[in-house]
Amino acid sequence: MSNAGEEKKELLAAFAENPERADQEVFGRVTHPDRRGFLKGAGLATMTAMLGVTGIPFSRNMPSGFVPVAMAEEAMAVADKDGLVGLGDKPLNAETPAHLLDDEVTPTARHFIRNHGTVPDKVNVDTWTLTIDGEVEVPQTLTIQDLRKNFEVVTQQLIIECGGNGRALFNPPVSGNQWTVGAVGCARWTGVRLKDVLEAAKVKKSAIYTAHFGADRELADPEKMPISRGIPIEKAMNPSTLIAFEMNGAAMHPMNGHPLRLVVPGWVGSTSHKWLTRIQLRDVVHDGKGMKGQSYRMPKRPLEPGEKAEDPLFTQIITAMPVKSLITRPASGIKLEQGKRTLEVRGHAWAGENVVEAVEVSIDFGAKWIPAKVADPANPYAWQRWQVEVAFPGEGYYEVWARATDDKGEVQPYAVAWNPKGYMNNAMHRIAVRVS
Ligand SMILES: Nc1nc2c(c(=O)[nH]1)N[C@H]1C(S)=C(S)[C@@H](COP(=O)(O)O)O[C@H]1N2
Ligand SMILES: [Mo]
């Protein structure tokens, strides 16, 4: 099919212009109130024909995301991101392959994207304002220039990880973006401390929680915000919690929250509100979109994989992310050159509110563990580089597994602790190595 490229462009244009109609044409019917259709039957055949491919990669994504993955990948090129893997294009979500997360500081072009709705367009940096209201004595409305002028500007390397990172490994599968390991990044963020701004607004004693609001809107309803979460006042007052206006020393990527966002490092990514316009201080826990039901919550007792559980069981609002590590070198699937028996393995490790004390690797499925060298974090809430030289006893197929331990003695588990929304999977990362 020689003109597959052209047809793909046309398909993308059709989706950009009128997603509902394009859905109708590609998927045959509208199956979901938020407009996304299921790729199956005739729809899948049409799509496959139009894309000129015999199969669509990452088909495991299909049931949950109803994702025209090839299109999401196309969208990545538009979004000016380097090698990210698209999980969906409405809203646009993309993760970074592990080997592209090798940089000490995650480049802007390699920071993952997690969107719930539209990406605000026509952003005017000069007129953008942030309102601080609710349980404060002196409500504030500040421009970005005001923030820069009135408060100390700080730069910190800070980790943001999606609560659903690792969801693709759940068994039985759960719905939601099928992140493998790459919904995590550690960029250098420049901004002001949320704490300083809150102090200027004179927070009342009654304030116990924040509520975050931004400029993005639900895809299906431009009146509604797609997400509005919050954090306890203690985390808001943590000096590493930033209102950021720069990413890696430059303007933020439009998909990563330009021109203003929260960075609540170490905590579930949904608290790091993008396109931030308002923070309300509350005397009760926030009840916005993403705060209730089973959203960003864990059950109060372990569940059997696949178990159906009712909302009242989900009493634990997710806060800090658990200890975790990632192998960024080599890429999985590497074949050592003939006769070579050693390999440098390295990556990053992080631990929510804690500090990583040790990283070990195993080349025998966890029977024996080899300690790696672990660097100190560049600053609190930055991930930590680890590195180790591994020697293989002979030729064959190996897996290299990595596990981190934090300063509270928490260790990464071997397997996924199943929960119905696919949160907080910190099971060990593993890569395949062929020794010849
Ligand atoms: N306004 C707004 N903020 C948001 C989101 C969103 O959809 N809208 N997604 C949240 C989630 S779930 C995550 S994991 C992080 C991801 O940040 P990133 O897209 O810059 O990687 O942004 C958070 N902030
Ligand atoms: Mo997320």
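Both counts, for ligands and for their atoms, begin at 1 and track the order of listing.
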**Complete:** So CD of Gln387 and CD of Glu344: to nearest 0.5 Å the spacing works out to 4.5 Å
**Item:** Within-shell test, Ser270 vs ligand 1, heavy atom, strictly < 4.0 Å
**Value:** yes
**Asked** Can you list the atoms of ligand 1 that are under 4.0 Å from a heavy atom of Tyr296?
**Response** 12 (S)
**Asked** Salt bridge between Arg278 and Asp133, side-chain N to carboxylate O under 4.0 Å?
**Response** yes
**Message:** Whether Asp283 and Lys205 form a salt bridge (side-chain N of Lys/Arg under 4.0 Å from carboxylate O of Asp/Glu) is what I want to check.
**Reply:** no
**Message:** Check this for me: does any side-chain nitrogen of one of Arg301 and Glu307 sit under 4.0 Å from a carboxylate oxygen of the other?
**Reply:** yes
**Message:** Just to confirm my output: which protein heavy-atom neighbour is closest to atom 24 (N) of ligand 1, and how far is it?
**Reply:** Ser272 O, 3.0 Å
**Request:** Could you grab the distance from atom CG of Asp216 to atom CH2 of Trp275, nearest 0.5 Å is fine?
**Result:** 5.0 Å
**Prompt:** atom 3 (N) of ligand 1: which protein heavy atom is closest, and how many Å away?
**Reply:** Lys274 N, 2.9 Å
**Prompt:** Hey, does Trp179 sit under 4.0 Å from ligand 1 if you only count heavy atoms?
**Reply:** no
**Complete:** Taken to the nearest 0.5 Å, the spacing of Asp82 CG from Thr108 OG1 works out to 11.5 Å
**Item:** atom 21 (O) of ligand 1 [closest protein heavy-atom partner, distance rounded to 0.1 Å]
**Value:** Phe112 O, 2.7 Å
**Asked** With sequence neighbours excluded, what pairs up with His116 under the ring-ring contact (aromatic ring centres under 6.0 Å, His included) test?
**Response** none
**Request:** Give the numbers and elements of all ligand 1 atoms closer than 4.0 Å to a heavy atom of Cys162.
**Result:** 14 (S)
**Message:** If you take the nearest heavy atom of each of Gly257, Gly290, Pro91, Gly269, which one is closest to atom 23 (C) of ligand 1?
**Reply:** Gly269
**Fill in**
atom 9 (N) of ligand 1 has as its nearest protein heavy atom Arg114 O, 3.2 Å
**Message:** Tell me if a side-chain donor or acceptor on Asn248 pairs with a main-chain N or O of Thr106 at a distance below 3.5 Å.
**Reply:** yes
**Asked** Heavy-atom distance to atom 1 (N) of ligand 1: which of Thr106, Asp216, Val184 wins?
**Response** Asp216
**Request:** Answer with yes or no whether Arg261 contacts ligand 1, where contact means a heavy atom under 4.0 Å from a ligand atom.
**Result:** yes
**Fill in**
For Trp275, the atoms of ligand 1 under 4.0 Å from one of its heavy atoms are 1 (N), 2 (C), 8 (N)
**Asked** Heavy-atom contacts under 4.0 Å between His111 and ligand 1: side chain, backbone, both, or neither?
**Response** side chain
**Asked** Which of the numbered atoms in ligand 1 are below 4.0 angstrom from a heavy atom of Ile227?
**Response** 2 (C), 6 (C), 7 (O), 8 (N)
**Prompt:** Below 4.0 angstrom, N of the basic side chain to O of the carboxylate: do Asp287 and Arg282 qualify?
**Reply:** yes
